[in-house]
Asker: 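Before I ask anything, let me first share the structure, which is written out below as structure tokens.
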Amino acid sequence: YWGLPPYNWEAIESTHLHLITDRVQTFSWIYDLYRLDFCKGYFYQYEIPRGSSPKEGKFVPQTLEQAVKNGKEVLTEMAHTSNTLPVAEDLGMAMATQNVLVQFGIPGWQIFVYTNSKNAIADQILPGENAPVLSVSQISNHDNPPLRLWWKENPDRAKVIAAKEGWTYSPELSLKQQQQLLWQDLHSASLFHIELLHDVLPPHLTKSIEEQRINYPGTLSDNNWTYRYKLSVEEILHNPETSQMIRTLLSPTPPLGKAS
């Protein structure tokens, strides 16, 4: 619950979506890609009457058919405004709305930690496994625990991953195991790959794993969005271990042999 006022779509539509298209036009002057954060909001939004509790809110529109229609209209105007490619944070979206993204050629997100936290324990997948080409692949993101913390906090799930890799599970990932999982993600079929820097760095160059969580969604906390790296940008750039890590991850050969 963010406490933000909902978009007044009637007012926005009365100006032919200029609020949206003007932003896209500005993005296109600066960026090659732009992210549609919380993309489901272009299809429907959860509205809470003023002075009411979140439980008293409702989705608007209330039919999936109308939500799909709304999303298509907004995405069509975006597409007509600029050739710059959007990528959509599509986590938790209904299949019908995700299909709209596919129709428009908009990549969605494939997040190893998020997906495996949602999947049944028996259905854990390796990084990038079965990732569609039209996607952004990522080990974790700002709203989820980083790789090493997730691995330690979710032993039942991590043991399934370890078994698939042919490893004996340990709560602490070795550097080679960290590299193998990252390598698999970065060499998957996804069109784009984005990784958190503290997932990429060797562990002794980062803060403790318990300090690496960036945000806990749905919470108000003095710790959210306060994360700072242990080393400065200059120290990271000029550290030979950082360079070696990047070379390992970009190598055509997996760190621990043939990829699964």
Side-chain angles (χ1 to χ4, degrees), residues 38-40 43 59 64 87-102 106-196 198-200 203 206 208-219 248-249 253-260:
F38 202 71
C39 187
K40 67 173 69 175
F43 294 81
F59 284 104
L64 186 57
V87 292
E89 191 223 337
D90 59 343
L91 307 180
M93 287 178 60
M95 184 59 68
T97 55
Q98 285 188 322
N99 287 341
V100 173
L101 300 179
V102 174
I106 298 175
W109 240 267
Q110 301 286 314
I111 301 178
F112 169 78
V113 163
Y114 172 86
T115 301
N116 281 327
S117 296
K118 296 290 185 182
N119 285 356
I121 290 177
D123 297 330
Q124 302 296 287
I125 61 172
L126 297 175
E129 184 177 347
N130 300 323
V133 172
L134 196 65
S135 67
V136 181
S137 185
Q138 193 168 16
I139 286 286
S140 187
N141 72 349
H142 54 277
D143 284 338
N144 289 278
L147 173 60
R148 287 179 171 276
L149 182 59
W150 180 86
W151 188 268
K152 184 176 182 178
E153 292 182 336
N154 294 271
D156 290 344
R157 300 176 187 279
K159 284 176 183 176
V160 176
I161 301 296
K164 285 190 171 189
E165 299 281 12
W167 306 337
T168 299
Y169 172 76
S170 169
E172 306 296 334
L173 272 175
S174 72
L175 179 60
K176 284 293 185 183
Q177 290 170 337
Q178 173 190 355
Q179 292 172 338
Q180 182 79 358
L181 294 172
L182 282 163
W183 189 96
Q184 289 170 337
D185 195 63
L186 290 167
H187 291 260
S188 69
S190 295
L191 188 60
F192 301 107
H193 307 274
I194 300 174
E195 304 297 352
L196 294 175
H198 51 249
D199 274 340
V200 172
T206 65
S208 69
I209 58 174
E210 289 78 16
E211 297 178 278
Q212 290 180 14
R213 184 71 187 258
I214 296 174
N215 182 50
Y216 287 85
T219 67
T248 298
L249 297 178
T253 306
L256 292 177
K258 184 178 179 181
S260 301

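Please read these numbers as outputs of a predicted model, since none were measured by experiment.
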Asker: For a quick test of reading the model, state the closest non-hydrogen atom pair linking Leu249 to Trp183 and the distance between them.
Answerer: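 Residues Leu249 and Trp183, closest heavy atoms: O-CD1, 3.4 Å.
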Asker: So Lys40 and Thr97, side-chain contact (heavy atoms from CB on, under 4.5 Å) or not? Walk me through it.
Answerer: CA-CA 8 Å; Lys40 67 173 69 175; Thr97 55; 6.0 Å; no
Asker: Below 30° counts as parallel, above 60° as perpendicular, anything between as tilted: where do the rings of Trp150 and Phe112 land?
Answerer: perpendicular
Asker: Side-chain contact, heavy-atom cut-off 4.5 Å: Ile161 with Leu181?
Answerer: yes
Asker: Measuring from atom CG of Leu91 to atom CD of Glu89, what distance do you get when rounded to the nearest 0.5 angstrom?
Answerer: 5.0 Å
Asker: Would you say the side-chain atoms of His193 pair up with the backbone N or O of Asp185, donor to acceptor, closer than 3.5 Å?
Answerer: yes
Asker: When you measure from the side chain of Asn116 to the backbone N and O of Ile125, does any donor-acceptor pair fall under 3.5 Å?
Answerer: yes
Asker: Is any side-chain heavy atom of Val136 closer than 4.5 Å to a side-chain heavy atom of Leu191?
Answerer: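 No, side chains not in contact.
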Asker: Taking Asn119's backbone N and O only, do any of them form a donor-acceptor pair with Arg157's side chain (distance below 3.5 Å, no angle check)?
Answerer: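 Present.
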Asker: To the nearest 0.5 Å, how far apart are CD in Glu195 and CG in Leu182?
Answerer: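 Glu195 CD to Leu182 CG: 5.5 Å, rounded to 0.5 Å.
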Asker: Between atom CD of Gln180 and atom CD of Glu165, what is the distance when rounded to the nearest 0.5 Å?
Answerer: 5.5 Å
Asker: Take Gln212 and Leu149, measure what side-chain contact (heavy atoms from CB on, under 4.5 Å) needs, and give me the verdict at the end.
Answerer: CA-CA 8 Å; Gln212 290 180 14; Leu149 182 59; over 6 Å; no
Asker: Would you compute the distance between atom CG of Asp156 and atom CD1 of Ile121 and round it to the nearest 0.5 angstrom?
Answerer: 4.5 Å
Asker: Which pair of heavy atoms, one from Leu173 and one from Leu147, lies closest together, and at what distance?
Answerer: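 Here Leu173 and Leu147 meet closest at CD1-CG, 3.8 Å.
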Asker: If you measure only the distance, is there a donor-acceptor pair under 3.5 Å linking the side chains of Thr115 and Gln110?
Answerer: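 Short answer, no.
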Asker: Which heavy atom in Ala189 sits nearest to a heavy atom in Ala131, and how many Å separate them?
Answerer: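 Looking at all heavy atoms of both residues, the closest pair is CB-O, 3.5 Å.
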Asker: Considering non-hydrogen atoms only, spot the tightest contact between Gly128 and Ser137 and give its length.
Answerer: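 Scanning both residues completely, I find the closest heavy atoms to be CA-OG, 4.2 Å.
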Asker: Quick one: CZ on Phe59 to CZ on Phe43, what's the gap to the nearest 0.5 Å?
Answerer: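 If we round to the nearest 0.5 Å, Phe59:CZ and Phe43:CZ are 14.0 Å apart.
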Asker: Quick one about Gln138 and Trp109 (side-chain donor to acceptor, distance below 3.5 Å, no hydrogens or angles considered), yes or no?
Answerer: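 Checked: Trp109/Gln138 side chains pair up, N/O donor to acceptor below 3.5 Å.
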Asker: Ignoring hydrogens and geometry, is there a side-chain-to-backbone donor-acceptor pair from Gln178 to Asp199 under 3.5 Å?
Answerer: yes
Asker: Counting N and O atoms only, with roles assigned by atom type, does the side chain of Asn154 sit under 3.5 Å from a partner on the main chain of Ala158, one being a donor and the other an acceptor?
Answerer: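 Absent.
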Asker: Taking Arg148 for the side chain and Pro203 for the main chain, is one N or O donor matched with an acceptor at less than 3.5 Å?
Answerer: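 No; zero donor-acceptor contacts below 3.5 Å.
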Asker: What is the distance from atom OG1 of Thr253 to atom NE2 of His187, rounded to the nearest 0.5 Å?
Answerer: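 It is 9.0 Å, given to the nearest 0.5 Å.
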Asker: Give me the atom names and distance for the closest heavy-atom approach of Pro145 to Ser140.
Answerer: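 Smallest heavy-atom distance, with atoms named: O-OG, 2.7 Å.
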Asker: Apply side-chain contact (heavy atoms from CB on, under 4.5 Å) to Met93 and Leu101, showing your working.
Answerer: CA-CA 10 Å; Met93 287 178 60; Leu101 300 179; 4.1 Å; yes
Asker: Going by side chain to side chain contact (heavy atoms under 4.5 Å, CB included), Lys164 matches just one of Glu129, Gln124, Lys159. Which one?
Answerer: Glu129
Asker: Any heavy-atom pair between the side chains of Ile111 and Ile139 that's under 4.5 Å?
Answerer: no
Asker: Work out which heavy atom in Pro155 is nearest to a heavy atom in Lys152; give both atom names and the distance.
Answerer: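 Shortest heavy-atom separation between Pro155 and Lys152 comes out as CD-O, 3.7 Å.
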Asker: Look at the side chain of Arg213 and the backbone N and O of Asp143, then say whether any donor-acceptor pair between them is shorter than 3.5 Å.
Answerer: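 Yes; at least one donor-acceptor contact below 3.5 Å.
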